[in-house]
2 protein chains.
Amino acid sequence: MDQVFRSDVALGMPLYREVKHKIMEALRDGEWKPGEPVPAEKRLCERFGVSVGTLRKAVDELTAENILIRHQGRGTFVASHSQDRYMFGFFHICPKTGQKEYPKVEFIRLSREKVDADGAKRLGVARGAKVVRILNRLGLGGRAVIVDEIFLPERFFAGMSEEQVRERRTTLYQLYQDEFDVAVLRTEERLDAVGASADVAALLGIAEDTPLLHIVRRAMTFRDEVVELRHSYVLTDNHEYFAHEESTLRTPGE
Amino acid sequence: MDQVFRSDVALGMPLYREVKHKIMEALRDGEWKPGEPVPAEKRLCERFGVSVGTLRKAVDELTAENILIRHQGRGTFVASHSQDRYMFGFFHICPKTGQKEYPKVEFIRLSREKVDADGAKRLGVARGAKVVRILNRLGLGGRAVIVDEIFLPERFFAGMSEEQVRERRTTLYQLYQDEFDVAVLRTEERLDAVGASADVAALLGIAEDTPLLHIVRRAMTFRDEVVELRHSYVLTDNHEYFAHEESTLRTPGE
DNA sequence: CAGTGGTCTAGACCACATT
DNA sequence: ATGTGGTCTAGACCACTGT
């Protein structure tokens, strides 16, 4: 194999991780779009000057992070929000008894506002920065169960229109991806219990002060930039938030 | 390499997964105990009759599931619970502002009861089976914030005494491991919002019907057997539940 | 059929930890 | 110095997909 020179920034970094970063750069630069296949493993090996094993280790990590998706016999594809799996990767509310179901989304309002202090902090933008604010109501099992209040930094979503949001036949995250080239790679959620405010109570058709699950979600893209802040208010009479964790066991020595 | 016959159950299963299962069997049989090293990779290659690459792929999955831990230059160890790690792994409540802190656990009561219908279903035991019931109150920042109600199947924890639980200077999961050979490998949590019951309100010093975060946690060991059912009632004035999602690592079937 | 990813091998050398 | 895990190679063959 020809000698291939390692870039300066890659000193001390395993080769497969350097390859991984190069693939991520290509993705960030839009060389391969969501839903499209990336070149075959052999091609990528030639391009980066590494063996299959090394390339596969890089792609392994990217598939584990849901950035790429492999299909045996077909190829490796850039993850796209059109797939159902993505929907449920980020939507954690399910019936206490019975099967998972898709929420029925009802658009209520889109407005442009100056972000408040709390929102600025969570979004990582300047105080008073412009944001798009979207209000949705979600139905599950034929009943209004969730109120979503969404804040989007104007700098990622310039020109977003009410029509785009109201008329879409896809998930919001797919809209972000298709229309604004914003890929959600990771989310973080903080939960607490609150009594329903008058506004939320009216939207859900319940009494004020009814205990609700309050979820503050931040959605991140490349470089951990926050692209969405979402407050969800969930009526948990018949639904619940589901999470599972693998253990963090460690050996004594560490 | 000598011909090594594959076991019947392994038909259609990749070799590395068969090796993984054999390692898990050895762990379940107590061949290597928590905190101890497992044999070196080369030894395991000989034992299972596979190449390093294949063995490493098996061990890769086991480390990803936190069942084994690798230390370069030292060896590969069976994961073990230690006090500090408990926080990061299973305890998801943290202050809304400020640093993570250790909860101050106050033991309230241990009793033996017959499990109710809901508990039987969640624990996967027969209706009316005997369980150990433990009631704890947890303090954070000098204030009572959480009430924990814990149910343990008698068949895993026969002979558990109030003294063991009250006098312990470790986490409960470490007690399960050290005294009852029960390793918690995975947990699942379901959250909803409820109004405080009279009992819980009294323990937390709050008004009845105050909105609380209610967490139902199931803790699993090998073969996904449920070894603990825990109801946590959390006052979320100053604390919240934290979760983050990046890799939904499930592949089977797809 | 040709092309893709999936698995597996039998080595090699490197980085790290312990003796 | 020895033994450990960490990385990497250059092949091979298998299983699956589409034409």
Side-chain angles (χ1 to χ4, degrees), chain A residues 1-6 10-23 32 35-64 66-79 250-254, chain B residues 1-6 10-23 32 35-64 66-79 249 251-254:
Chain A
M1 163 87 47
D2 298 9
Q3 173 65 38
V4 175
F5 292 98
R6 306 281 296 268
L11 292 177
M13 182 191 281
L15 184 51
Y16 73 87
R17 208 168 281 271
E18 186 183 339
V19 170
K20 177 187 173 188
H21 283 143
K22 283 181 178 170
I23 294 175
W32 311 301
E36 290 177 5
V38 303
E41 294 184 340
K42 266 193 290 186
R43 308 269 182 206
L44 291 175
C45 290
E46 291 163 11
R47 166 163 174 173
F48 298 120
V50 300
S51 71
V52 242
T54 301
L55 181 99
R56 283 188 66 83
K57 189 145 187 182
V59 176
D60 279 348
E61 293 202 350
L62 289 165
T63 55
N66 283 312
I67 293 173
L68 295 181
I69 302 183
R70 281 201 276 231
H71 290 286
Q72 181 171 141
R74 292 209 286 138
T76 302
F77 299 78
V78 183
R250 290 293 133 78
T251 57
E254 201 204 355
Chain B
M1 163 86 45
D2 298 9
Q3 173 64 37
V4 174
F5 290 100
R6 307 280 296 270
L11 292 176
M13 182 191 282
L15 184 52
Y16 73 87
R17 210 169 279 271
E18 186 183 340
V19 169
K20 178 187 172 187
H21 283 143
K22 283 181 178 170
I23 294 175
W32 312 302
E36 289 178 6
V38 304
E41 294 184 340
K42 267 193 290 187
R43 307 271 184 204
L44 291 175
C45 291
E46 292 163 11
R47 167 164 173 173
F48 299 120
V50 299
S51 71
V52 241
T54 302
L55 181 99
R56 282 189 66 83
K57 189 145 187 183
V59 175
D60 279 348
E61 293 202 349
L62 289 165
T63 55
N66 285 307
I67 292 172
L68 294 180
I69 314 274
R70 282 200 275 232
H71 290 286
Q72 181 171 140
R74 291 211 286 138
T76 302
F77 299 78
V78 183
L249 37 92
T251 43
E254 156 86 30

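Owing to the predicted nature of the structure, the values given are computational and were not obtained by experimental measurement. Just so we're on the same page: letters track the sequence lines, and every chain starts at 1.
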**Q** Round to a whole Å and report the spacing from CG of A:L55 to P of D:dA10.
**A**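 Going from A:L55 (CG) to D:dA10 (P), I get 14 Å.
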
**Q** Of all the heavy-atom pairs spanning A:L68 and A:V78, show the shortest one and how long it is.
**A**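 Nearest pair, atom of A:L68 first, then A:V78: CD2-CA, 4.0 Å.
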
**Q** CE of A:M13 versus C1' of D:dC8: gap in Å, rounded?
**A**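 Distance check: A:M13 CE to D:dC8 C1' gives 17 Å.
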
**Q** Of all heavy-atom pairs between A:L44 and A:P39, which one has the smallest distance, and what is that distance?
**A**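 So the two residues come closest at CD1-O, 3.5 Å.
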
**Q** Identify the pairs formed between an N or O of the protein and an N or O of nucleotides 4-6 of chain D at a distance under 3.5 Å, and give each distance.
**A**
{"unit_1": "D:dT4", "atom_1": "O2", "unit_2": "B:G73", "atom_2": "N", "d": "3.3"}
{"unit_1": "D:dG5", "atom_1": "OP1", "unit_2": "B:T76", "atom_2": "N", "d": "3.4"}
{"unit_1": "D:dG5", "atom_1": "OP1", "unit_2": "B:T76", "atom_2": "OG1", "d": "3.2"}
{"unit_1": "D:dG5", "atom_1": "OP2", "unit_2": "B:E41", "atom_2": "N", "d": "2.9"}
{"unit_1": "D:dG6", "atom_1": "OP2", "unit_2": "B:R56", "atom_2": "NH1", "d": "3.2"}
{"unit_1": "D:dG6", "atom_1": "OP2", "unit_2": "B:R56", "atom_2": "NH2", "d": "3.0"}
{"unit_1": "D:dG6", "atom_1": "OP2", "unit_2": "B:R70", "atom_2": "NE", "d": "2.9"}
{"unit_1": "D:dG6", "atom_1": "O4'", "unit_2": "B:Q72", "atom_2": "NE2", "d": "3.3"}

**Q** Would you name the heavy atoms of B:L55 and B:C45 that are closest together and state the gap between them?
**A**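 Nearest heavy atoms, B:L55 then B:C45: CB-SG, 4.0 Å.
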
**Q** Is any side-chain heavy atom of B:M13 less than 4.5 Å from a side-chain heavy atom of B:K20?
**A**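 They are not in contact (no side-chain heavy atoms under 4.5 Å apart), so the answer is no.
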
**Q** For B:F77 and C:dT18, give me the distance from atom CZ to atom C1', rounded to whole Å.
**A**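 Answer to the nearest Å: 11 Å.
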
**Q** Quick one: salt bridge (Lys or Arg N to Asp or Glu O under 4.0 Å) partners of B:R47, sequence neighbours excluded?
**A**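 For B:R47 the salt bridge (Lys or Arg N to Asp or Glu O under 4.0 Å) partners, ignoring immediate neighbours, are B:E31.
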
**Q** Starting from P on C:dG11, measure out to CD on B:E46 and report it in whole angstrom.
**A**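 Answer to the nearest Å: 13 Å.
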
**Q** OP1 or OP2 of D:dG11 sitting under 4.0 Å from any side-chain N/O of A:S51?
**A**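 Checking D:dG11 against A:S51, no side-chain N or O comes under 4.0 Å of OP1 or OP2.
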
**Q** Taking atom P of C:dG5 as reference, at what distance in whole Å does atom CG of A:L68 sit?
**A**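 Computing the A:L68:CG to C:dG5:P distance gives 11 Å.
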
**Q** Between C:dA15 atom C1' and A:L15 atom CG, what is the distance in whole Å?
**A**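 So the CG-C1' distance, A:L15 to C:dA15, works out to 16 Å.
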
**Q** Is the shortest distance from a Lys or Arg side-chain nitrogen in A:K22 or A:E18 to a carboxylate oxygen in the other one below 4.0 Å?
**A**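 Counted as a salt bridge, because a side-chain N and a carboxylate O are separated by less than 4.0 Å.
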
